[in-house]
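Structure, as structure tokens:
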Amino acid sequence: MLNRRNLGSLAAAMLLAGPAMAQDQSIIVQSTTSTANSGLYDYLLPIFSEETGITVNVVAVGTGQAIKNAANCDGDVLLVHAKPAEEKFLREGGGVERTDLMYNDFVIVGPDGDPAGVGGMEDVAAALTTIAESGAMFASRGDDSGTHKKEMSLWADAGVDPAAGSGEWYRETGSGMGATLNAGIGMGAYVMTDRATWINFGNKQDYDIHVEGDEDMFNQYGVILVNPEKCTNVNAEAGQTFIDWLLSDAGQDAIAAYEVDSQQLFFPNAPDM
């Protein structure tokens, strides 16, 4: 029975052998869009590849689609941010083990005029209720991503069914985070986004963060090796090498060191190995 311990031993052997052994190795990471939109991979992957000789190819889609892709054996590693969906993926035999990797938080951004008057609010349920009652525009990804899943749980906690306003004040883009931000800004709508994508987003115009600080907006990322017993095409050794590096002191330090405009985007919180 494969588990992370014996896969980790294989990965350690590869690292001890050095980059020469890993030449021409590559893996596919099925990933949420926020880690790509934030620029994190552009920073991390060259460091990892230089150390190991392993090339990492990222497929950046919404968390729901990333999990479906991994379940269809179209990847070696899954890195997403919707823990209940990740745990379901494990129960169904799709992955070997899930480990916390890093976190940040979600925020609600909106135009400078703040039509719903939610600026400075920390209670996200109260803010969403206020937006819905005001009829102010709200743009949602509507794509089963980790961000969309979280948004829908927050609406439910607020006792609001945004579908009742679909096509009116509530607009679903069916797109990734960057595209949804662009669409929301174009229509003057509020948008919920992960903070890392927002910090790295280049088309802010007159938009700013209006709602932040609620513990319910915590955003945890997890990493999972796709199960090689189910998916025989999985490059388990190289995939586990990547996971072990992310969870190591070197990987966690690299995650913590990534900044944009002097702001740290992700906070590592892998358990002690």
Side-chain angles (χ1 to χ4, degrees), residues 1-15 27-36 38 40-41 43-45 47-49 51-52 54 56-64 66-71 73 75-105 145-147 149-150 194 196 218-231 234-258 264-273:
M1 178 71 177
L2 283 171
N3 56 43
R4 210 169 126 241
R5 178 173 294 177
N6 51 40
L7 283 169
S9 298
L10 288 170
M14 286 180 61
L15 285 172
I27 59 172
I28 295 173
V29 175
Q30 290 288 344
S31 172
T32 176
T33 58
S34 57
T35 42
S38 66
L40 179 66
Y41 289 132
Y43 177 78
L44 288 184
L45 299 187
I47 301 172
F48 171 74
S49 295
E51 290 186 12
T52 64
I54 298 170
V56 180
N57 301 296
V58 176
V59 178
V61 291
T63 285
I67 291 174
K68 289 178 183 177
N69 292 347
C73 302
D76 305 291
V77 173
L78 179 65
L79 200 166
V80 289
H81 62 147
K83 190 172 182 178
E86 296 164 49
E87 291 174 336
K88 181 174 183 289
F89 173 73
L90 289 177
R91 289 195 302 272
E92 293 174 349
V96 174
E97 181 180 2
R98 181 200 174 278
T99 308
D100 284 344
L101 175 63
M102 60 189 182
Y103 70 92
N104 56 21
D105 64 341
S145 61
T147 301
K149 290 175 186 290
K150 183 65 174 181
D194 63 283
F218 180 76
N219 183 26
Q220 177 69 55
Y221 292 80
V223 63
I224 301 170
L225 180 73
V226 177
N227 188 355
E229 292 186 343
K230 177 182 178 183
C231 301
V234 168
N235 189 340
E237 292 90 347
Q240 191 63 48
T241 297
F242 179 56
I243 291 173
D244 287 346
W245 182 82
L246 289 172
L247 301 176
S248 72
D249 289 345
Q252 294 280 281
D253 288 347
I255 290 169
Y258 179 57
Q264 184 175 339
L265 272 65
F266 298 93
F267 297 83
N269 68 340
D272 293 335
M273 302 301 290

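Since this is a predicted model, take the numbers as computed values, not measurements.
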Return the minimal non-hydrogen interatomic distance between [X] and [Y], and the atom names on each side.
X: Val80; Y: Ser31; result: CG1-C, 4.4 Å
X: Ser34; Y: Phe266; result: O-CZ, 4.3 Å
X: Leu78; Y: Ile67; result: CD2-CG1, 3.9 Å
X: Val226; Y: Val77; result: CG2-N, 3.9 Å
X: Gly93; Y: Asn227; result: O-ND2, 3.0 Å
X: Ala60; Y: Thr32; result: CB-O, 4.3 Å

>> Which residue is it: Val234, Asn235, Asp76, Val58? I am looking for the one with a side chain to side chain contact (heavy atoms under 4.5 Å, CB included) to Ile28.
In response: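 The side chain to side chain contact (heavy atoms under 4.5 Å, CB included) with Ile28 is passed solely by Asp76 among Val234, Asn235, Asp76, Val58.
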
How long is the gap from [atom1] on [X] to [atom2] on [Y], to the nearest 0.5 Å?
X: Ile27; Y: Glu237; atom1: CD1; atom2: CD; value: 12.0 Å
X: Ser248; Y: Ile243; atom1: OG; atom2: CD1; value: 12.5 Å
X: Glu92; Y: Lys88; atom1: CD; atom2: NZ; value: 3.5 Å
X: Asp100; Y: Leu247; atom1: CG; atom2: CG; value: 9.5 Å
X: Asn57; Y: Gln30; atom1: CG; atom2: CD; value: 11.0 Å

>> Please identify which of these residues, Arg91, Arg98, Gln220, meets the side chain to side chain donor-acceptor pair (under 3.5 Å) condition with Glu86.
In response: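 With Glu86 as partner, side chain to side chain donor-acceptor pair (under 3.5 Å) holds for just one option, Arg98.
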
[X]: which residues meet the side chain to side chain contact (heavy atoms under 4.5 Å, CB included) condition with it, sequence neighbours left out?
X: Ala257; result: Tyr43
X: Lys149; result: Ala82, Ala85, Asp144
X: Asn219; result: His81, Asn104, Phe106, Asp194, Tyr221

In the structure I gave you, are the side-chain heavy atoms of [X] and [Y] within less than 4.5 Å of one another anywhere?
X: Leu246; Y: Pro268; answer: no
X: Gln252; Y: Leu101; answer: yes
X: Asp105; Y: Phe267; answer: no
X: Thr35; Y: Met102; answer: yes
X: Phe242; Y: Ile54; answer: no

> Judged by modelled atom types alone, do Tyr258 and Ser38 share a side-chain donor-acceptor pair under 3.5 Å?
Replying inline: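 There is no such pair (donor and acceptor under 3.5 Å, judged by atom type) between the side chains of Tyr258 and Ser38.
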
> How about Lys230: does its NZ atom have over 12 heavy atoms from other parts shown lying under 6.0 Å from it?
Replying inline: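 Yes, the 6.0 Å shell around NZ holds more than 12 heavy atoms from other groups.
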
>> Atom CG of residue position Asn269 - does it have more than 12 heavy atoms of other residues, nucleotides or ligands inside 6.0 Å?
In response: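 More than 12 within 6.0 Å, yes.
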
>> Evaluate Asn69 against Val61 for side chain to side chain contact (heavy atoms under 4.5 Å, CB included), listing each step before the verdict.
In response: CA-CA 10 Å; Asn69 292 347; Val61 291; 4.0 Å; yes

